[in-house]
Amino acid sequence: MSEKNLKKSIYLDHHATTPVEPRVLEKMLPYFCEIFGNPMSAQHSFGWQAKEAVEKARAQVAKLIGAQAREITFTSGATESIHLAILGAFRNAENETQKKYHLITSLVEHKCSLEVAHQLENLGHQVTYLGVNEFGQISIDDLKNAIQENTLMVSFIHANNEIGSINPVKEISEVCQSHKILFHLDSAQICGKHAIDVVQEHIDLLSLSAHKLYGPKGIGAIYMRQTQPRVRVSPYIFGGGQERGLRSGTQNVPGIVGLGEACEMSMKDLATENPRQRNLRDHMMTRISKEIEGAIFNGHPTERVCNNVSLSLESVLPDQMLMAMSEVAFSSGSACASGEDSHVLAQIRKQQLLRMPEMKDKDYFTLRFGIGRSTTLAEIDYVCDLLKAAVAKVRPISQFNL
Ligand SMILES: *Cc1c(COP(=O)(O)O)cnc(C)c1O
């Protein structure tokens with residue numbers, strides 16, 4: 001591999017994952033070799049200290065979203081949390097009544113939610129997949145129309161991991177409350193970046209992941225409301241009864257400490273980091289729209305997570321663009337007239353076509369940039385320059401080859 005290919009020096013893929021913050025790592029380190037006890041060991045101080053650390057982290061996670069500590073269960077990440085939320089609630093309800101139930105979700109969920117929904121269907125439950133507007137958001141009227149007598153849960157992505165749009169949480173929760181339906185949010189992309197209050201917004205279940213908010217990989221949490229209503233789920237990992245029987249297996253103490261610290265840190269920095277990242281994002285979008293012809297931005301113009309820029313460019317060969325942009329780590333996808341490799345882009349493209357019929361039969365290359373805590377204005381300007389030069393170079397070649 002040439003040196004150039006190895007030189008991915010600017011990281012703008014913070015939706016995929018984030019680095020562990022040094023402050024977070026520092027808090028984790030003692031829990032590997034020194035305070036290594038099992039939190040379930042109730043007979044000695046090694047166990048007590050580990051348990052104390054786990055309970056401190058539980059409170060830190062709870063605080064970030066306005067929950068109570070006892071409403072937080074640790075898991076291996078958002079994928080597992082979403083399994084426990086959806087499959088767990090349906091298993092519990094079916095066990096109690098021997099009936100099948102109905103889930104309402106959307107077509108632009110993270111892959112893990114979509115796969116869980118498919119599993120529910122395999123188990124004989126019903127699922128409605130709502131379409132979205134051109135920004136990738138669900139409509140409240142569609143939601144109301146989809147409700148059935150046996151609807152148990154509504155589950156949506158909070159901020160979309162590809163295009164950044166935020167779903168109308170308050171309106172969704174009002175509908176759910178009035179129909180006594182459980183409301184689960186996949187908040188992996190928004191936790192730590194925007195303020196969340198599960199009490200004010202009346203959220204019943206919420207999934208999050210440490211590695212999306214500057215904590216370690218392989219650890220996450222699920223919030224489940226304990227009063228009005230008390231959310232009940234059936235576990236599917238059995239054993240020593242850890243996490244109040246909801247998720248057996250010795251707790252990942254260093255990971256849990258890291259998640260807790262990451263939550264506390266992002267809460268402390270939210271008031272400065274959110275506007276800082278938003279300004280970088282707005283600067284990037286302004287420069288791109290002024291300097292690159294025919295750039296189409298995906299996602300909602302204002303109801304969007306602070307760190308996401310998703311843009312689609314026509315008449316550029318993807319491979320050529322990737323080569324010209326090889327110094328930047330970002331994520332790409334295509335939404336071509338011939339077929340899309342992203343289910344999210346495919347859904348919004350249908351709606352974009354209604355407003356912009358000139359998009360028809362054209363191939364688009366989509367770039368997703370995810371700004372992070374370490375991103376600087378100089379980096380953003382550099383990436384804008386690079387992008388502009390790449391498009392200028394690639395477009396003339398592409399015209400003959402697309
Ligand atoms: C990353 C992500 C997940 C999966 O989280 P893991 O902790 O990696 O399992 C789920 N949903 C969204 C929106 C995500 O961004």
Side-chain angles (χ1 to χ4, degrees), residues 73 75 77-133 136-161 165-189 198 201-209 220 222-225 229-237 246-247 343-344 346-347:
T73 304
T75 65
T79 299
E80 188 187 327
S81 294
I82 291 166
H83 277 71
L84 191 55
I86 302 178
L87 287 177
F90 276 77
R91 285 228 341 249
N92 181 75
E94 186 177 3
N95 286 346
E96 281 182 357
T97 63
Q98 314 304 318
K99 286 188 196 148
K100 299 293 182 187
Y101 288 88
H102 174 233
L103 171 77
I104 302 174
T105 186
S106 86
L107 289 167
V108 300
E109 299 300 305
H110 189 275
K111 266 272 143 55
C112 64
S113 291
L114 287 176
E115 289 304 319
V116 166
H118 293 152
Q119 287 303 317
L120 271 190
E121 290 186 277
N122 290 341
L123 294 169
H125 299 287
Q126 290 169 282
V127 180
T128 301
Y129 301 89
L130 299 186
V132 290
N133 63 16
Q137 300 162 305
I138 66 107
S139 112
I140 296 299
D141 284 338
D142 289 351
L143 171 63
K144 285 180 183 162
N145 290 334
I147 292 171
Q148 302 178 181
E149 180 240 326
N150 66 339
T151 305
L152 179 68
M153 180 182 277
V154 163
S155 174
F156 293 124
I157 193 162
H158 196 162
N160 191 280
N161 53 302
S165 295
I166 297 174
N167 264 317
V169 168
K170 189 78 187 125
E171 289 90 336
I172 297 167
S173 81
E174 277 164 13
V175 173
C176 290
Q177 252 185 294
S178 69
H179 288 83
K180 295 198 174 1
I181 296 168
L182 294 174
F183 179 27
H184 168 246
L185 273 177
D186 169 4
S187 304
Q189 287 293 343
V198 293
E201 296 172 293
H202 204 93
I203 298 159
D204 296 315
L205 306 97
L206 182 148
S207 295
L208 62 93
S209 180
I222 177 167
Y223 147 81
M224 291 186 274
R225 176 181 286 280
R230 173 158 184 212
V231 173
R232 289 159 55 79
V233 298
S234 294
Y236 56 93
I237 298 180
L246 291 173
R247 207 285 188 175
H343 64 286
V344 176
Q347 287 304 320

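Just so we're clear, the structure is a prediction, and the values are computed from it rather than from any experiment.
Note on ring orientation: taking the six-membered ring where Trp is involved, the planes of Tyr129 and His118 are tilted (angle from 30° to 60°).
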Steps toward side chain to side chain contact (heavy atoms under 4.5 Å, CB included) verdict (Leu84, Tyr236): CA-CA 8 Å; Leu84 191 55; Tyr236 56 93; 4.0 Å; yes

Would you check, one step at a time, whether the test side chain to side chain contact (heavy atoms under 4.5 Å, CB included) holds for Ile86 with His184? CA-CA 8 Å; Ile86 302 178; His184 168 246; 4.2 Å; yes

Are Ile157 and Ser113 close enough, and set up right, to give a side chain to side chain contact (heavy atoms under 4.5 Å, CB included), and what steps lead you there? CA-CA 8 Å; Ile157 193 162; Ser113 291; over 6 Å; no

One pair to check against side-chain hydrogen bond (donor to acceptor under 3.5 Å, both in side chains): Ser173 and His202. What are the steps and the verdict? CA-CA 6 Å; Ser173 81; His202 204 93; over 6 Å; no

Determine, step by step, whether Leu205 and Phe183 satisfy the side chain to side chain contact (heavy atoms under 4.5 Å, CB included) criterion, reporting the C-alpha distance in whole Å, the side-chain angles of both residues, the deciding distance to 0.1 Å, and the verdict. CA-CA 6 Å; Leu205 306 97; Phe183 179 27; over 6 Å; no

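Screening residues 90-106 for salt bridge (charged side-chain N to carboxylate O under 4.0 Å, His left out) gives Glu94-Lys100, Glu96-Arg232 as the qualifying pairs, with residues at least two apart or on separate chains. Under the salt bridge (charged side-chain N to carboxylate O under 4.0 Å, His left out) criterion, no residue pair touches residues 166-186, with sequence neighbours excluded. Pairs engaging residues 140-159 under the salt bridge (charged side-chain N to carboxylate O under 4.0 Å, His left out) rule: none recorded [sequence neighbours left out].
Val233 is listed as a side-chain neighbour of Met224, based on a closest heavy-atom distance under 4.5 Å. A 4.5 Å side-chain heavy-atom check between Leu103 and Leu152 finds every atom pair outside the cut-off. Residues Asn133 and Ser139 have side chains not in contact (no heavy-atom distance under 4.5 Å, counting atoms from C-beta outward). In this structure the side chain of Asp204 never reaches within 4.5 angstrom of the side chain of Tyr223, judged on heavy atoms. Here the side chains of Phe156 and Leu143 are in contact, with some heavy-atom distance below 4.5 Å. Residues His102 and Thr128 are in side-chain contact: their nearest non-hydrogen atoms beyond the backbone lie under 4.5 Å apart.
Interatomic distance, CD1 of Ile104 versus SG of Cys176, reported as 7.5 Å (0.5 Å rounding). Between the CD1 atom of Ile140 and the CG atom of Asn145 there is a distance of 11.5 Å, given to the nearest 0.5 Å. How far NE2 of His125 is from OH of Tyr101: 9.0 Å, rounded to the nearest 0.5 Å. To the nearest 0.5 Å, atom CG of residue Leu123 and atom CG of residue Leu87 are 7.0 Å apart.
With respect to Asn167, the side chain to side chain contact (heavy atoms under 4.5 Å, CB included) criterion is satisfied by exactly one of Asn160, Val132, Ile172: Ile172. For the side chain to side chain contact (heavy atoms under 4.5 Å, CB included) criterion with Val154, the lone passing option out of Leu182, Leu185, Ile181 is Ile181.
Scanning both residues, Val127 and Glu121, for their nearest heavy atoms gives CG2-CG, 3.5 Å. Nearest heavy atom pair, residue Ser81 against residue Leu208, reads OG-O, 4.2 Å. Shortest non-hydrogen contact noted between Ile166 and Ala159 is CG1-CB, 4.1 Å. Ser106 and Ile138 get closest at one heavy-atom pair: CB-CG2, 3.7 Å. Closest approach of Ala188 to Ala78, counting heavy atoms only: CB-CB, 4.2 Å. Residue His343 comes nearest to Leu107 through the heavy atom pair CD2-O, 3.2 Å, listed as atom of the first residue, atom of the second, then distance.
Between the side chains of His179 and Thr151, not a single donor N or O lies within less than 3.5 Å of an accepting N or O.
Residues meeting the salt bridge (charged side-chain N to carboxylate O under 4.0 Å, His left out) test with Glu80, sequence neighbours left out: Arg247. For Thr105, the side chain to side chain donor-acceptor pair (under 3.5 Å) criterion is met by no residue, not counting sequence neighbours. Checked against side chain to side chain donor-acceptor pair (under 3.5 Å), Asn150 has the following partners two or more places apart in sequence or in another chain: Gln126, Gln148.
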